[in-house]
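By convention in this document, chain letters (A, B, ...) are assigned in the order of the sequence lines, proteins followed by strands, and residues within each chain are numbered from 1.
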Amino acid sequence: MSPFSARVLAVVRRIPPGRVATYGDVAAMAGRPGASRAVGNIMRGCLHADVPCHRVIAAGGRLGGYAGNVPLKRALLAAEGLTVVGRRIRHWERIHWKTRASNAVGRANNR
DNA sequence: GCATTGACTAGGG
DNA sequence: GCCCTAGCCAATG
């Protein structure tokens, strides 16, 4: 497990229920801005139960993918109280979990 | 170490 | 709105 991967997983784990973060954001929080692709790659093989990978979505509030089970991801998000319309999250700007990279790792900051 | 792949992103047609 | 292209990064062979 690379430091970056662990970092990403840690960040995703800090995403509070009912909130979502984009791959780019997670990458930035993990200390590697622009590594959105890498983040997705890591998620692909890390369907950990401890990590709410379903809260990680694509930019613009799009669902992105979920190991080929996008419907499942949609259901999980809906279960979190979010509303999904097509491939987009409703009130995306509201539930977008934003936090500082320095703050994200080492301190859970909910809103 | 190089080449390929992929849950990405932004821009253009 | 969708499809394609270029840039990006980490993991894998």
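For A:A38, counting side-chain heavy atoms from C-beta on, the closest listed nucleotide (C:dA10, B:dA7, B:dT9) is C:dA10. Set against B:dA7, B:dT9, C:dA11, the side chain of A:T22 has B:dT9 as its closest nucleotide. Distance from the side chain of A:S36 is smallest to B:dT9 among B:dA7, B:dG6, B:dT9. Side-chain proximity of A:M43 to the nucleotides B:dT9, C:dA11, B:dA7 is greatest for B:dA7. Considering only the side chain of A:R32, C:dC9 comes nearest among C:dC9, C:dA11, B:dG6. When distances are taken from the side chain of A:A58 to each of B:dT5, B:dA7, B:dT9, the shortest belongs to B:dT9.
Heavy atoms from other residues, nucleotides or ligands lying under 6.0 Å from CZ of A:R90 number 12 at most.
Side-chain atoms of A:T22 come within 3.5 Å of backbone N or O of A:D25 as a donor-acceptor pair. A:K73 places no side-chain N or O within 3.5 Å of a backbone atom of A:G64 that could act as its donor or acceptor partner.
Counting distance only, with no hydrogens placed and no angle test, the side-chain atoms of A:Y66 and the base atoms of B:dA7 include no donor-acceptor pair under 3.5 Å.
A:L9 has its CG atom 17 Å from the P atom of B:dA7, to the nearest Å. If you take CZ of A:R7 and P of C:dC9, they are 17 Å apart, rounded to a whole angstrom. For A:L77 and B:dA7, the CG to P distance is 18 Å, given to the nearest whole Å. We find that CD1 of A:I57 is positioned 12 Å from C1' of B:dA7, with the value rounded to whole Å. Rounded to an integer number of Å, the gap from CZ of A:R87 to C1' of C:dG1 is 10 Å. Here B:dC8 presents its P atom at 11 Å from CG of A:L63, a figure rounded to the nearest Å. Counting to the nearest Å, the P atom of C:dC9 and the CZ atom of A:R37 are 11 Å from each other. Nucleotide C:dA10 holds its P atom 11 Å from the CG atom of A:N41, rounded to whole Å.
At a threshold of 4.5 Å between non-hydrogen side-chain atoms, the residues A:R55 and A:R19 do not count as touching. At a threshold of 4.5 Å between non-hydrogen side-chain atoms, the residues A:Y66 and A:P71 do not count as touching.
Side-chain nitrogen and oxygen atoms of A:R44 include none within less than 4.0 Å of the OP1 or OP2 phosphate oxygen of C:dA10. Between A:S2 and C:dA11 there is a side-chain polar atom (N or O) within less than 4.0 angstrom of OP1 or OP2.
Here A:F4 lies in heavy-atom contact (under 4.0 Å) with sugar-phosphate atoms only.
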